[in-house]
**Q** 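Below is the structure I would like to discuss, written out as structure tokens.
By convention here, the first residue in the shown sequence is residue 1.
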Amino acid sequence: MASEMHNLPTSSTPLAPGDRLDSWKEIAAYLRCSVRTVRRWEQEGLPVHRHAHKKKAAIYAYRAEIDAWWRSGHDRLEASRERRSGRPMVRVAWAAVGLALLVGAAAAVWIYCSPSPFERSKWVQVTGFPDAVTQPVLSSDGRMLAFIRGPSTFVGEGEIYVKMLPSGEPVQLTHDGLPKMSPKFSPDGSRIAYTALGPRSTWDTWVVPVLGGKPQLWLPNASGLVWFDDHQLIFSRMLEADHMGLVTCLDSRTECRDLYVPANGGMAHRSYPSPDRKWVLAVEMDDRGIWMPCRLLPFDGTSVGRSVGPPGAPCTSAAWSPDGKWMYLSVNTGRNFHIWRQRFPAGKLEQLTSGPDGEEGIALAPDGRSLITAVGLRQRAVWYHDALGDHQVSLEGYSLEPRLYIAGRKVCYLRSESMSTRLSQVWIEDLDSGENVLLLPGLDVLKYDLSADGRIAVAALNAGGKPRLWIAWVDRRSPSRQIPSVTGDAPVFSPSGDIFFSTAEGDVKFLFRVRPDGTGLQKVSSQPIIEVHGVSPDGKWVAGLGSTPSEPGWFEFAYPTGGGTPVPLCNPPCEVRWGPDGKWMYISVYKAWISRLAAGRTYILPTRSNSAFPEMPVGGFRSETQLAAFPGVRIIQAADVAPGPTPESYVFSRETTQRNLFRIPLH
């Protein structure tokens, strides 16, 4: 699809059949807008065609015509101004009102759906994979391109490839299936360093020869590594369970010093030194795993620097022009990530790309005349599965984290504008009537859970950016209300109606419980916990991701609610839940961190009689091979799964990603 978008037709260019979109739904998905919106835009000239022999709803459109229509959007707005300026004075006030509305609507359309001011017809496709590639990087001479073949723009399952430019065939260098991130060429171009998640999700740097060979672990507890010069490095180092800072060291890992340590348990994941080696651009998350604006730091460590790029916009990658005069940033100012640049150190901002596609990852050519980025679309829908098969529930937006209200035959789920938008809203669909309603409008939801009796516990941000807990009902029988005096995230219901959640004490999170009225607040475990996932039907165990002092990294544990030692369950990235009758444990293994379980598999294991657990190996499940070989296991080809009354009935989300690398000329 991406390649079709970047070859717009002239008046004499025939439209290819594969360029056609055959329904309102396909048009809306292409534009990343709602069906209602694109129907309205037809009245404003959106090029939609109808079959003469069919009913009015049988429509189709061409991608190239839609792109061309967006390109003419500014001209149409100017023409509208001219028409209004010629009206009699008695109608000027109403014309001004109408023009303001039109300008506002056009501005919104232009921000979220317009094609790039950098002509897409001049973009050159560099890779042609049928699935997804991401995180491009160029060698210092610009002759070699490395990238990860996989869907995640952060750390996720994928393999390292290298390609000679301009037209060499891609060569696969790794074959291990480990989650990976941020490949970088060594200064001499002979090796590629990359981040891989090791046992217990440790963040380590590996290297692989460009000419092929066995990858080797190089630096443990070092991620996002870049060469500052031939012997000095900058990388991210895990400080504690969920806190990561930037350090600089020699390649012998001596003469190290902290470069930047984010406040309040944040994580600095990537860094980009300036050509004069005096500055560093850093990519970081806050303590909830939400991408922050990129940060400009002095390399001498004299200050914590400041944010750059569009104010408040999440930033996932960056680059410098060879002369150091421009900072290039991949940021999300609305519905998707696009490429911006800003004059160093605090000059004018310029948006280089826009439109329904997103662009992440930036590899600047050594001559500064072009960049390579990953261009594509990511979509996600919620489905209900029963004996008759899969039934799609959600149609719009990026939908995930479904929960099944068994008694009322309703599905709850989160919906956001895109995968890039961490904050969402809770929607409810009736499986019988198809009615779809928004619950708790106006709340920015982080996490939620659904009880067996139809109550919903929601963690949402307040105006001050603090996570607060709310209680609502699926059938809206009572007004929603905030649990008083409680700050917390990741709520899950116990069978008794209490709510387990995580909250921070200083920079470390712990597991707590509280009653819906705010009474009975209690710390459940002294072990640090990062995420809360599920509660056993007997209420005696809470599954969540945590750390232990005896080993580095993280692990999924079952925490006893009555006190005692946590039970290790599985090696992350994984999440554990139980079926409503306690006879089955659901272990979801996903392929990428910060993917919100977008891809992976769920293993349904029978539990032992009178126990919340299956017959597990000592120390928990360490691999999918162990899970797949478990007697009586059932496997679902999705990771974002919520149980129904039986293993044959469940809800899940499914993501589709298509992304390739393109070279974009700069001017």
**Q** Say you draw a straight line from CG of Asn571 to CZ of Phe555; how long is it, rounded to the nearest 0.5 Å?
**A** 5.0 Å

**Q** Side-chain contact test, heavy atoms from C-beta onward, threshold under 4.5 Å: evaluate it for Val524 versus Phe500 and give yes or no.
**A**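 Touching, per the 4.5 Å side-chain cut-off.
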
**Q** Quick check for you: to the nearest 0.5 Å, what is the distance between Thr195 atom OG1 and Met181 atom CE?
**A**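 It is 4.0 Å, given to the nearest 0.5 Å.
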
**Q** With a 6.0 Å cut-off on the ring centroids, do Tyr603 and Tyr586 count as close?
**A**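 No, the ring centres sit 6.0 Å or more apart.
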
**Q** Shortest non-hydrogen contact from Ala319 to Leu364?
**A** CB-CD2, 3.7 Å

**Q** Are any non-hydrogen side-chain atoms of Val576 and His533 less than 4.5 angstrom apart?
**A** no

**Q** Mark yes when over 12 heavy atoms from residues, nucleotides or ligands other than Arg369 sit less than 6.0 Å from its CZ; otherwise mark no.
**A**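 Open: at most 12 neighbouring heavy atoms sit under 6.0 Å from CZ of Arg369.
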
**Q** With heavy-atom distances below 4.5 Å as the criterion, would you say the side chains of Phe557 and Val567 are in contact?
**A** no

**Q** Contact between Leu446 and Leu461 at the side-chain level, heavy atoms closer than 4.5 Å - yes or no?
**A**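 Result yes, sub-4.5 Å side-chain heavy-atom pair found.
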
**Q** Between Leu165 and Val126, is any pair of side-chain heavy atoms under 4.5 Å apart?
**A** yes

**Q** To the nearest 0.5 Å, how far apart are OG in Ser330 and CZ in Phe337?
**A** 6.0 Å

**Q** Phe154 vs Trp203 aromatic rings, parallel, tilted or perpendicular, using cut-offs 30° and 60°?
**A**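 Geometry flag for Trp203 against Phe154: tilted rings.
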
**Q** Within the structure provided, determine whether Leu259 and Val247 are in side-chain contact (heavy-atom separation under 4.5 Å).
**A** no

**Q** Hey, could you give me the CD/OH distance between Glu159 and Tyr194, rounded to the nearest 0.5 Å?
**A** 8.0 Å

**Q** Using a cut-off of 6.0 Å, state whether more than 12 heavy atoms not belonging to Lys523 lie near its atom NZ.
**A** yes

**Q** Answer yes or no: are there more than 12 heavy-atom neighbours, outside Arg143 itself, under 6.0 Å from its atom CZ?
**A**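 Atom CZ in Arg143 is not packed in, count stays at 12 or less.
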
**Q** Under 6.0 Å between the ring centres of Tyr260 and Phe299?
**A** no

**Q** On a heavy-atom basis, which atom in Val331 and which in Cys315 lie closest, and how many Å separate them?
**A** CG1-CB, 3.6 Å

**Q** Counting only N and O atoms by type, is there a donor-acceptor contact under 3.5 Å from the side chain of Thr353 to the main-chain atoms of Ile339?
**A** yes

**Q** Just by distance, with hydrogens left out, do Gln135 and Arg270 show a side-chain donor and acceptor under 3.5 Å apart?
**A** yes

**Q** Taking only Lys NZ, Arg NE, NH1 and NH2, and the carboxylate oxygens of Asp or Glu, determine whether Glu255 and Arg257 approach each other closer than 4.0 Å.
**A**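 No, no charged N to carboxylate O under 4.0 Å.
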
**Q** Compute whether any side-chain donor of one residue and acceptor of the other, for Glu655 and Thr657, lie under 3.5 angstrom apart.
**A** yes

**Q** Would you say that Pro170 contacts Phe147 through its side chain, given a criterion of any heavy-atom pair below 4.5 Å between the two side chains?
**A** yes

**Q** Do we see a donor-acceptor contact under 3.5 Å between the side chains of Arg380 and Ser653?
**A** yes

**Q** Taking all non-hydrogen atoms of both residues, which atom of Asp258 and which atom of Arg237 are closest, and how far apart?
**A** OD1-NH2, 3.0 Å

**Q** Could you tell me whether the side chain of Arg378 reaches within less than 4.5 Å of the side chain of Tyr398, counting heavy atoms only?
**A**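 Yes; the side chains approach each other to less than 4.5 Å.
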
**Q** Hey, mind stepping through Leu197 and Glu157 against side-chain contact (heavy atoms from CB on, under 4.5 Å) and telling me if it holds?
**A** CA-CA 10 Å; Leu197 291 191; Glu157 191 173 90; over 6 Å; no

**Q** Show the numbers, then the answer: is there a side-chain contact (heavy atoms from CB on, under 4.5 Å) between Trp279 and Met327?
**A** CA-CA 11 Å; Trp279 300 90; Met327 300 175 289; over 6 Å; no

**Q** Any chance you could measure Leu145, atom CG, to Met164, atom CE, to the nearest 0.5 Å?
**A**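 That separation rounds to 10.5 Å.
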
**Q** Might you point out which heavy atoms bring Leu605 and Leu627 nearest each other, and give the distance in Å?
**A**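 Looking at all heavy atoms of both residues, the closest pair is CD1-CD2, 3.9 Å.
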
**Q** Go through the steps to decide whether Arg295 and Glu284 satisfy the test side-chain contact (heavy atoms from CB on, under 4.5 Å), and finish with yes or no.
**A** CA-CA 8 Å; Arg295 180 174 294 271; Glu284 62 179 318; 2.8 Å; yes

**Q** Grab the two heavy atoms, one from Tyr559 and one from Ser547, that are nearest each other, plus how far apart they are.
**A** OH-N, 4.5 Å

**Q** Any donor-acceptor pair under 3.5 Å linking the side-chain atoms of Thr127 with those of Asn660?
**A**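 Thr127 and Asn660 do have a side-chain donor-acceptor pair below 3.5 Å.
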
**Q** Exactly one of Thr373, Asn336, Thr316 should register a side chain to side chain donor-acceptor pair (under 3.5 Å) with Glu360. Which one does?
**A** Thr316

**Q** Answer yes or no: are there more than 12 heavy-atom neighbours, outside Glu505 itself, under 6.0 Å from its atom CD?
**A** yes

**Q** Just jot down the salt bridge (charged side-chain N to carboxylate O under 4.0 Å, His left out) partners of Asp188, sequence neighbours excluded, or say none.
**A**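 Checked Asp188 against salt bridge (charged side-chain N to carboxylate O under 4.0 Å, His left out); zero matches.
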
**Q** Tell me the closest heavy-atom pair linking Ser588 and Thr602, and the distance in Å.
**A** OG-OG1, 2.8 Å

**Q** Taking only Lys NZ, Arg NE, NH1 and NH2, and the carboxylate oxygens of Asp or Glu, determine whether Glu401 and Lys447 approach each other closer than 4.0 Å.
**A** yes

**Q** Yes or no on salt bridge (charged side-chain N to carboxylate O under 4.0 Å, His left out) for Arg149 and Asp131, after CA distance, side-chain angles and deciding distance?
**A** CA-CA 8 Å; Arg149 185 177 180 182; Asp131 40 23; 3.1 Å; yes

**Q** Before we go on, tell me: are the rings of Phe185 and Trp227 under 6.0 Å apart, centre to centre?
**A**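 Ring centres of Trp227 and Phe185 not closer than 6.0 Å.
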
**Q** When the side chains of residues 211-220 are checked against the rest of the protein, which donor-acceptor pairs come out under 3.5 Å, sequence neighbours left out?
**A**
none

**Q** Please enumerate all residues that pass salt bridge (charged side-chain N to carboxylate O under 4.0 Å, His left out) together with Arg601, with sequence neighbours excluded.
**A** Glu624

**Q** To the nearest 0.5 Å, tell me how far Cys570 SG sits from Met585 CE.
**A** 8.5 Å

**Q** Is the Phe613 ring parallel, tilted or perpendicular to the Trp541 ring (thresholds 30°, 60°)?
**A**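 Judged by the thresholds at 30° and 60°, the geometry between Phe613 and Trp541 is perpendicular.
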
**Q** Evaluate side-chain contact (heavy atoms from CB on, under 4.5 Å) for Thr205 paired with Asn221, printing each intermediate quantity in order.
**A** CA-CA 7 Å; Thr205 293; Asn221 192 16; over 6 Å; no

**Q** Between Arg277 and Phe228 (side chain of the first, backbone of the second, donor and acceptor by atom type, cut-off under 3.5 Å), is there such a pair?
**A** yes

